[in-house]
2 protein chains.
Amino acid sequence: MAKTQSDPTTSRLTFGRRLREERNRAGMTLEDLADRSGITWSYIAQVEVGRRNISVDNMHRLAEGVGVALRDLL
Amino acid sequence: MAKTQSDPTTSRLTFGRRLREERNRAGMTLEDLADRSGITWSYIAQVEVGRRNISVDNMHRLAEGVGVALRDLL
């Protein structure tokens, strides 16, 4: 039942790009989003460029921080 | 800029419930999905009940394993 898999980092790159779009649309700095989400700005910066394999709980916090549903960042 | 946050585990519970629905719909056992995704069946079982704070790369692998877009599991 094995199956060819796509690059698993595809979703983290989409999430990072969409997060940055929504953060900018909301006029928020990295520090603003850090305050709202409880996640450090340096970690968020790395997430936005796909450098971190972020967990679902932290994805939830960031989606909420920018005011969109998590599904809309994927 | 602080803001009241919802329980961050909301999304992992949704993901787990939806993953199980799609796995069952596809007629796959935990072992079938383990073979397709490269993730152990015991870890998948815990994800399905929201016991694991799963990473985005592994969410991608599981979504692909059941044949749906990640956004449709959230």
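Below, read A as the first sequence line, B as the second, and so on, with proteins coming before strands; counting in each chain starts at 1.
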Legend entry - Min side-chain heavy-atom separation A:E64-B:S6 under 4.5 Å: yes
Inset, instruction - Would you mind reporting whether A:D72 and B:R71 have side-chain heavy atoms less than 4.5 Å apart? - result: yes
Legend entry - Exercise: identify the closest heavy-atom pair between A:H60 and B:P8: CD2-CA, 3.5 Å
Inset, instruction - Provide the closest heavy-atom pair for B:R12 versus A:D57 in the form atom of the first, atom of the second, distance. - result: NH2-OD2, 2.6 Å
Legend entry - Identified side-chain contact (heavy atoms from CB on, under 4.5 Å) counterpart of B:V56 within the set A:T9, A:N53, A:V47, A:T14: A:N53
Inset, instruction - Starting at CZ of A:R52, measure out to OG of B:S55 and round the result to the nearest 0.5 Å. - result: 13.0 Å
Legend entry - Spatial distance of atom CG (B:L70) from atom CG (A:L73) [nearest 0.5 Å]: 11.0 Å
Inset, instruction - Report whether A:L13 and A:M59 are members of the same hydrophobic cluster (ILVMFWY, side-chain heavy atoms less than 4.5 Å apart, transitive linking). - result: no
Inset, instruction - For A:R51, look at atom CZ and say whether over 12 heavy atoms of other residues, nucleotides or ligands are found less than 6.0 Å away. - result: no
